[in-house]
Engineer: 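Okay, here's the structure, questions in a sec.
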Protein chains: 2
Amino acid sequence: MSAVDELRSLILAGQYAPGDRLGEVELAEVLGVSRTPVREALRRLEAEGLVELVANKGARVVAYPGRDLETIFELRARVEGLAARQAALTASPDDVARLHEVAVDLRDHAERGELDAVYRLNSEFHQSLVRLGGSPLLGQSISSLIHSSVLLRTYGSFDEDAMRRSVNHHLEIAAAVRAGDPEWAEAVMRAHLFSARASLLGPRYQERTT
Amino acid sequence: MSAVDELRSLILAGQYAPGDRLGEVELAEVLGVSRTPVREALRRLEAEGLVELVANKGARVVAYPGRDLETIFELRARVEGLAARQAALTASPDDVARLHEVAVDLRDHAERGELDAVYRLNSEFHQSLVRLGGSPLLGQSISSLIHSSVLLRTYGSFDEDAMRRSVNHHLEIAAAVRAGDPEWAEAVMRAHLFSARASLLGPRYQERTT
DNA sequence: GACAGCCGACATGTATACAACTCCTCGGTT
DNA sequence: AACCGAGGAGTTGTATACATGTCGGCTGTC
């Protein structure tokens with residue numbers, strides 16, 4: 001596993017909290033390599049939006065202000081909405097089957113409360129869908145957004161209802177893609193992301209209609 | 001000027017054509033620095049979507065297939081549409097004045113046929129607008145898209161009508177932002193980008209089968 | 001006692017040397 | 001003649017050493 005992937009995993013796993021300082025020598029020891037690959041990793045992760053670099057002062061894990069949270073999900077809704085649309089238009093039967101499988105897996109693990117697996121499968125689902133969109137550029141634009149969202153998981157958490165909604169959204173997106181219906185796929189994706197945003201923002205935004 | 005900025009300028013200026021190989025030692029000589037900063041620059045430009053890196057094989061300027069051109073502008077319409085919307089909601093009178101000034105400058109240079117200045121002011125306009133959106137994340141997502149579009153300028157060119165349309169779009173966007181009307185701002189921005197796409201696809205697109 | 005300026009420790013920025021890998025070439029074999 | 005493999009040139013990947021800049025503490029003066 002390359003240094004950049006390893007460091008990204010550490011950050012996304014919460015090993016380093018937002019705002020934490022990332023010293024080059026310290027990381028070099030942790031990762032078991034010299035400073036050179038560490039520097040490369042930091043530059044790339046900065047471009048991905050995971051860390052913040054200041055000249056001659058070093059790197060920190062980004063700490064997005066809460067205000068940006070709404071923008072991030074608004075962006076994801078627009079960009080991943082396009083990805084879902086494209087996927088519905090171009091996905092092969094094999095792709096569809098795989099997507100559905102991930103969604104089912106995600107449901108099963110969610111029912112058993114295995115949150116680690118849920119996080120992993122959720123990421124896999126979204127990334128797969130983007131890949132199906134066909135454009136490598138699209139995927140590049142999105143991955144940083146997804147990563148940012150992951151960093152924000154500390155802001156709030158999914159309750160049982162929100163989790164069930166999320167699971168159903170994934171299944172429905174897979175269904176829409178299988179049906180080859182771009183409008184449906186995009187609409188569900190947008191609903192999925194706005195629902196997630198509402199949950200992360202906290203109870204004051206949630207409807208109490210249930 | 002740092003190595004990464006300098007290299008980016010060279011690529012965007014067309015000094016290196018899409019598909020060109022970017023040797024580290026060669027760039028080190030051109031930029032007058034050692035290989036270390038060159039490597040950093042390449043890693044960062046890869047994340048920005050300007051160059052393509054293959055392990056142990058080096059870097060090349062990206063060469064997007066023509067098929068991706070439509071996706072790029074569809075993405076820009078969605079993402080920059082959001083930026084325009086946000087800008088309309090939050091821009092200060094000073095910001096608005098500056099934006100309008102850039103649009104006017106752009107018009108004047110366009111009338112005199114000074115294409116270099118037009119390119120520069122066009123970039124400045126779009127980047128300023130994104131900054132007004134307020135979210136640094138938004139700007140980050142967009143810049144790579146804009147760069148990609150610039151790389152594609154070889155695919156076609158603006159005729160006189162398209163240029164006039166583009167100029168008017170910029171002025172209208174500034175007006176919409178000044179009016180604080182998010183719907184208007186986003187709508188014009190979308191029109192602006194789809195218009196640009198149509199011009200770039202142009203009649204010559206059919207010859208360019210990829 | 002407080003503040004300005006200096007000094008030193010430590011971090012990042014850069015350069016250079018070496019290791020590992022890829023691809024092309026050349027020679028031999030089938 | 002075509003193909004396979006070994007060798008070498010050239011590239012990227014990594015490590016280490018040095019240069020430069022920043023921040024904190026200390027000392028001297030007012």
Side-chain angles (χ1 to χ4, degrees), chain A residues 1-12 14-64 136-137 139-140 143-144 147 151, chain B residues 1-12 15-64 136 139-140 143-144 147 151:
Chain A
M1 196 180 202
S2 75
V4 53
D5 292 329
E6 203 161 343
L7 180 55
R8 180 167 34 226
S9 295
L10 283 178
I11 293 175
L12 291 179
Q15 199 71 22
Y16 295 96
D20 276 5
R21 203 175 166 305
L22 297 171
E24 295 184 358
V25 290
E26 175 198 346
L27 290 176
E29 284 180 12
V30 171
L31 299 177
V33 294
S34 103
R35 267 182 56 214
T36 310
V38 169
R39 288 177 62 80
E40 279 196 18
L42 288 176
R43 294 317 181 270
R44 293 176 73 153
L45 294 182
E46 184 214 11
E48 288 183 19
L50 272 180
V51 307
E52 214 171 10
L53 283 182
V54 184
N56 293 314
K57 287 194 57 177
R60 313 178 75 85
V61 179
V62 291
Y64 291 115
L137 190 78
Q140 197 170 312
S143 64
S144 78
H147 288 156
L151 280 183
Chain B
M1 195 180 203
S2 73
V4 53
D5 293 328
E6 203 162 342
L7 179 55
R8 179 169 34 229
S9 295
L10 283 177
I11 294 175
L12 291 179
Q15 199 71 22
Y16 295 97
D20 276 5
R21 203 175 164 307
L22 297 170
E24 294 184 359
V25 290
E26 177 198 345
L27 290 176
E29 283 180 14
V30 171
L31 300 178
V33 294
S34 102
R35 269 182 56 215
T36 311
V38 170
R39 288 178 62 79
E40 281 197 15
L42 288 175
R43 295 316 182 270
R44 293 177 73 153
L45 294 181
E46 184 214 10
E48 287 183 18
L50 272 180
V51 308
E52 214 172 11
L53 283 181
V54 184
N56 294 314
K57 286 194 56 179
R60 313 179 73 84
V61 179
V62 290
Y64 292 114
Q140 198 169 309
S143 66
S144 77
H147 288 156
L151 281 181

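Letters go in sequence order (proteins before strands), and every chain restarts at 1. We use all heavy atoms of the structure for the numbers below, so side chains are in, but hydrogens, waters and symmetry mates are not.
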Engineer: Where each residue is assigned the nucleotide of DNA chain D containing its nearest heavy atom, which of G32(A) and V25(B) is assigned the position nearer the 5′ end?
Structural biologist: V25(B)

Engineer: Closer than 4.0 Å, any side-chain N/O of R35(A) to the OP1 or OP2 of dT12(C)?
Structural biologist: no

Engineer: Please give, in whole Å, the distance from dT12(D) C1' to L22(B) CG?
Structural biologist: 14 Å

Engineer: Would the distance check show the side chain of R60(B) and the main-chain N or O of G19(B) forming a donor-acceptor pair, the cut-off being under 3.5 Å?
Structural biologist: yes

Engineer: Would you indicate, yes or no, if dA15(D) has its OP1 or OP2 atom less than 4.0 angstrom from a side-chain nitrogen or oxygen of S34(A)?
Structural biologist: yes

Engineer: Could you please spell out the steps behind the side chain to side chain contact (heavy atoms under 4.5 Å, CB included) verdict for L42(A) and E46(A)?
Structural biologist: CA-CA 6 Å; L42(A) 288 176; E46(A) 184 214 11; over 6 Å; no

Engineer: Output the rounded distance in Å from CG (L53(B)) to P (dT12(D)).
Structural biologist: 10 Å

Engineer: Any side-chain N or O of R43(A) under 4.0 Å from OP1/OP2 of dT12(C)?
Structural biologist: no

Engineer: E24(A) or K57(B): which one's nearest nucleotide on DNA chain C is closer to the 5' end?
Structural biologist: E24(A)

Engineer: Using only side-chain N and O atoms of R21(B), determine if any of them is under 4.0 Å from OP1 or OP2 of dT12(D).
Structural biologist: yes

Engineer: When the distance from CG of L42(A) to P of dA11(C) is rounded to whole Å, what number comes out?
Structural biologist: 14 Å

Engineer: Can you tell which of dT12(D), dT16(C), dT16(D) lies closest to the side chain of N56(B)?
Structural biologist: dT12(D)

Engineer: If the threshold is 4.0 Å, N to carboxylate O, is there a salt bridge linking E26(B) and R21(B)?
Structural biologist: no

Engineer: I need the single residue from L27(B), V30(B), L10(B) that forms a side-chain contact (heavy atoms from CB on, under 4.5 Å) with L22(B). Which is it?
Structural biologist: L27(B)

Engineer: Give the rounded distance in Å between these two atoms: CD of E40(A) and P of dG13(C).
Structural biologist: 14 Å

